[in-house]
A.B. asks: 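Below you'll find the structure I mean.
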Amino acid sequence: MTTGNENTVVQTTPADNVGIACGELGLQKGTIVLPGLVAVQTIPMGHKIALTNIAEDESIIRYGQVIGHAATYIRQGEWINETKIQLPQPPDLDSIPFTKPTQTAIEPLEGYTFEGYRNADGSVGTKNVLGITTSVQCVAGITQFITTKIKQELLPKYPNVDDVFAFNHSYGCGIAIDAPAAIIPIRTIRNIAQNPNFGGEIMVIGLGCEKLRPERLLSTETSTDDQSILYLQDESFTGFDEMITGIMSMAEYHLKKLNARTRETCPTSDLVVGMQCGGSDAFSGITGNPVAGFASDLIVRAGGTVFFSEVTEVRDAVHLLVARSATPEVAQKLKDEMKWYDDYLLTGQADRSANPTPGNKKGGLSNVVEKALGSIVKSGTSPIVDVVSPGNKVRTKGLNFVATPASDFVCGTLQLAAGMNMHVFITGRGTPYGLSMVPVIKVSSNSKLSNRWFDLIDFDAGPIAFGNKTIEELGWNLFHMILDVASGRKKVATDRLGIHNDLVLFNPGPLT
């Protein structure tokens, strides 16, 4: 790393033959970056500068890994963008060996707690939310109407309840309900209804003629509760007003129970934190994601659960993840999920080159390999103890890989189904993404974004790029912020502003 600010260039490992321009104005043509290294072109912030001459077809190295091959001869000091890099082949899944990791004792982290809502099943919520889900998209207009009415007329009577959330989705009818892939959206809806922040108080609004029966969406404990399911086609209802009266009565029944919930001191081991990045840039892998990874390791050391996701954004770094798998079985499950998604993309006549986005490229990420190598850093260094298929719940405390698409809102939906009660979202380009069900801590990878979006970003990891802060220092700060937000002591920007995304199902199954 060079000294100074505006002309700072980050080289992540000594093996790298590229560096990242850190200053907000990038590197102007003619800038002396280091003795013997001059920018021969103007290089935008976040983009790569060649640290040496690179021959055609020679490897381009970042993070100590090959991110591609030079499409043409590249001079020292030249700007390297996506047009100058040829995409390499992805790691061959069958040839990635599993080597039992060296057993190193992980020092437990003790004495850290948060104030959460303890549920009957042992899970802990960080919010207290009335959940409404649907068994079919036909009723979405009703649930939108009723959510507004509950917020206006009932919620003020129950001050301990944070919010009302309606999960409207596009599933439930016109589907091949018994097709093998149909299990993914079905278990996603079912497991979201069991999220700890709902406290077991969930309402299902059905139509009556749909293929996806509401009873299938409730846990055994609530499936016989006649205060949890309402069919609009129930012949006891005459007209719209009676339907609404029935739903309002059901809502009040659940709100009374939720209002009785109180926060209590819980160990950090009760946290279930989903790590996700979106609108990534070249800084994500050197600031925001490493900070999230450090915090992830602290949570794991404290006995908690963390998961990372986004299959296409780890696929090209999977060889590094297999090496961190706790057992041969976990390593194989990881490769199996990669293979499933490879086949899924092939069926749709797509491949991994569809990622990254134009915004990612504008932020300096040239291809999906570079993106993947930066993406996996948010998982920290802990062993991967389990791999969870799309729509399933986590089963094991520690670091998990929850297989999801890379799409922000689909990934967030599947992480909710996996059981997260806290969310950390790292961004470099910026996004107003938020979820009403769980708090979302927004981490910026660069200070330019944090300063510009001062009221949308919760945590700035940008100072790391200039050496003004360390990963360890900010990692501890993020860990403490997670505990404060989980306790309700601190409110994240998206909750303060009321900005929340719709949930979106991953449905690889056929429609009929």
Side-chain angles (χ1 to χ4, degrees), residues 129-148 150 163-198 201-219 222-223 228-233 243 247 250-251 254 274 276 309 344 388-393 402-420 423 433-438 440 499-512:
V129 180
L130 172 63
I132 304 172
T133 191
T134 66
S135 55
V136 66
Q137 219 281 332
C138 306
V139 305
I142 294 287
T143 54
Q144 290 169 352
F145 178 91
I146 200 69
T147 300
T148 300
I150 291 170
D163 203 356
V164 180
F165 169 76
F167 178 20
N168 291 321
H169 53 80
S170 57
Y171 204 68
C173 209
I175 53 174
I177 194 75
D178 295 320
I183 191 59
I184 292 176
I186 293 171
R187 68 191 180 203
T188 301
I189 301 168
R190 183 176 64 237
N191 286 333
I192 284 176
Q194 297 175 32
N195 187 277
N197 287 356
F198 290 148
E201 302 300 319
I202 191 77
M203 297 165 52
V204 184
I205 309 301
L207 184 58
C209 57
E210 61 268 32
K211 290 182 178 180
L212 180 58
R213 309 310 297 166
E215 294 81 4
R216 192 171 179 179
L217 302 178
L218 294 176
S219 65
T222 58
S223 60
S228 294
I229 297 174
L230 185 143
Y231 287 103
L232 298 182
Q233 291 176 349
M243 294 178 194
I247 298 173
M250 180 183 290
H254 289 285
Q276 186 185 352
S309 301
Y344 167 74
V388 180
S389 297
N392 273 334
K393 295 172 70 172
V402 174
T404 77
S407 165
D408 294 347
F409 26 87
V410 179
C411 174
T413 301
L414 289 167
Q415 289 193 335
L416 285 169
M420 74 172 172
H423 202 26
Y433 170 94
L435 299 170
S436 63
M437 283 177 59
V438 298
V440 180
I499 299 174
H500 301 124
N501 284 63
D502 292 334
L503 302 187
V504 181
L505 289 177
F506 177 41
N507 177 24
L511 301 179
T512 59

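Both backbone and side-chain heavy atoms feed into the values below; hydrogens, waters and symmetry mates do not.
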A.B. asks: How close do L414 and G391 get, heavy atom to heavy atom, and via which atoms?
C.D. replies: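 Heavy atoms of L414 and G391 come nearest at CD2-N, 3.4 Å.
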A.B. asks: What residues form a side chain to side chain donor-acceptor pair (under 3.5 Å) with S389, not counting sequence neighbours?
C.D. replies: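 E337.
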A.B. asks: Only pairs under 3.5 Å count here: list side-chain donor-acceptor contacts from residues 504-512, not counting sequence neighbours, and write none if there are none.
C.D. replies:
residue	atom	partner	partner atom	Å
N507	OD1	G509	N	3.0
T512	OG1	G174	O	3.4
T512	OG1	I175	N	3.4

A.B. asks: Rounded to the nearest 0.5 Å, how far apart are CG of L217 and CG of L212?
C.D. replies: 4.5 Å
A.B. asks: Taking the side chain as everything from C-beta on, heavy atoms only, tell me whether L130 gets closer than 4.5 Å to M203.
C.D. replies: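 A side-chain contact under 4.5 Å exists here.
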A.B. asks: Ignoring hydrogens, what is the shortest heavy-atom contact between S228 and L218? Give both atom names and the distance.
C.D. replies: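 Scanning both residues completely, I find the closest heavy atoms to be CB-CD1, 3.9 Å.
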A.B. asks: Give a yes or no on whether the backbone of C209 and the side-chain of Q233 come within a donor-acceptor separation of less than 3.5 Å.
C.D. replies: yes
A.B. asks: Check C138 against L207 and note the closest heavy-atom contact, atom names and distance.
C.D. replies: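 Here C138 and L207 meet closest at CB-CD2, 3.8 Å.
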A.B. asks: With D163, which residues qualify under salt bridge (Lys or Arg N to Asp or Glu O under 4.0 Å), at least two apart?
C.D. replies: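 Per chain and number, D163 pairs via salt bridge (Lys or Arg N to Asp or Glu O under 4.0 Å) with K151.
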A.B. asks: Would you please name every residue forming a ring-ring contact (aromatic ring centres under 6.0 Å, His included) with H169, sequence neighbours left out?
C.D. replies: F167
A.B. asks: Identify, with sequence neighbours excluded, every residue that meets side-chain contact (heavy atoms from CB on, under 4.5 Å) alongside S170.
C.D. replies: Q137
A.B. asks: Report the distance from atom CZ of R190 to atom CG of N392, rounding to the nearest 0.5 Å.
C.D. replies: 8.0 Å
A.B. asks: For P214, which residues count as a side-chain contact (heavy atoms from CB on, under 4.5 Å) partner, sequence neighbours excluded?
C.D. replies: S135, V204, E210, I229, Y231
A.B. asks: So how far is it from I205 CD1 to L232 CG, rounded to the nearest 0.5 Å?
C.D. replies: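 CG of L232 is found 7.0 Å from CD1 of I205.
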A.B. asks: R213 side chain to G208 main-chain N or O, any donor-acceptor pair under 3.5 Å?
C.D. replies: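 Such a contact is found between R213 side chain and G208 backbone.
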A.B. asks: Measure the SG-CG distance between C411 and L416 for me, rounded to the nearest 0.5 Å.
C.D. replies: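 One finds 9.5 Å between SG of C411 and CG of L416.
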A.B. asks: Can you check whether L503 reaches L435 side chain to side chain, under 4.5 Å on heavy atoms?
C.D. replies: yes
A.B. asks: Using the test side-chain contact (heavy atoms from CB on, under 4.5 Å), find all partners of A418 that sit at least two apart in sequence or belong to another chain.
C.D. replies: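 Result, side-chain contact (heavy atoms from CB on, under 4.5 Å) vs A418: F307, V394, V402.
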A.B. asks: Any heavy-atom pair between the side chains of F165 and N195 that's under 4.5 Å?
C.D. replies: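 No. Closest side-chain heavy atoms not under 4.5 Å.
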A.B. asks: Who passes side chain to side chain donor-acceptor pair (under 3.5 Å) against N168, sequence neighbours left out?
C.D. replies: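 Per chain and number, N168 pairs via side chain to side chain donor-acceptor pair (under 3.5 Å) with T143.
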A.B. asks: Where do V136 and C173 come nearest, in terms of heavy atoms and distance?
C.D. replies: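 Looking at all heavy atoms of both residues, the closest pair is CG2-CB, 3.8 Å.
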A.B. asks: What's the spacing between I186 CD1 and N191 CG if we round to 0.5 Å?
C.D. replies: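 So the gap between those two atoms works out to 12.0 Å.
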A.B. asks: Looking at every non-hydrogen atom in both residues, tell me the closest pair between F198 and A193 and how far apart they are.
C.D. replies: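 Shortest heavy-atom separation between F198 and A193 comes out as CD1-O, 3.7 Å.
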A.B. asks: Taking the side chain as every heavy atom from C-beta outward, state whether H423 and Y433 have any pair of such atoms under 4.5 Å apart.
C.D. replies: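 They are in contact (side-chain heavy atoms under 4.5 Å apart), so the answer is yes.
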A.B. asks: Could you pull out the closest heavy-atom pair between A251 and I150, with the gap in Å?
C.D. replies: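 What the structure gives for the nearest pair is CB-CD1, 3.6 Å.
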A.B. asks: Within the structure provided, determine whether I247 and I132 are in side-chain contact (heavy-atom separation under 4.5 Å).
C.D. replies: no
A.B. asks: Rounded to the nearest 0.5 Å, what separation is found between the CD1 atom of I146 and the CD1 atom of I142?
C.D. replies: 8.0 Å
A.B. asks: Can you name the residues that form a side chain to side chain donor-acceptor pair (under 3.5 Å) with S309, not counting sequence neighbours?
C.D. replies: Q415
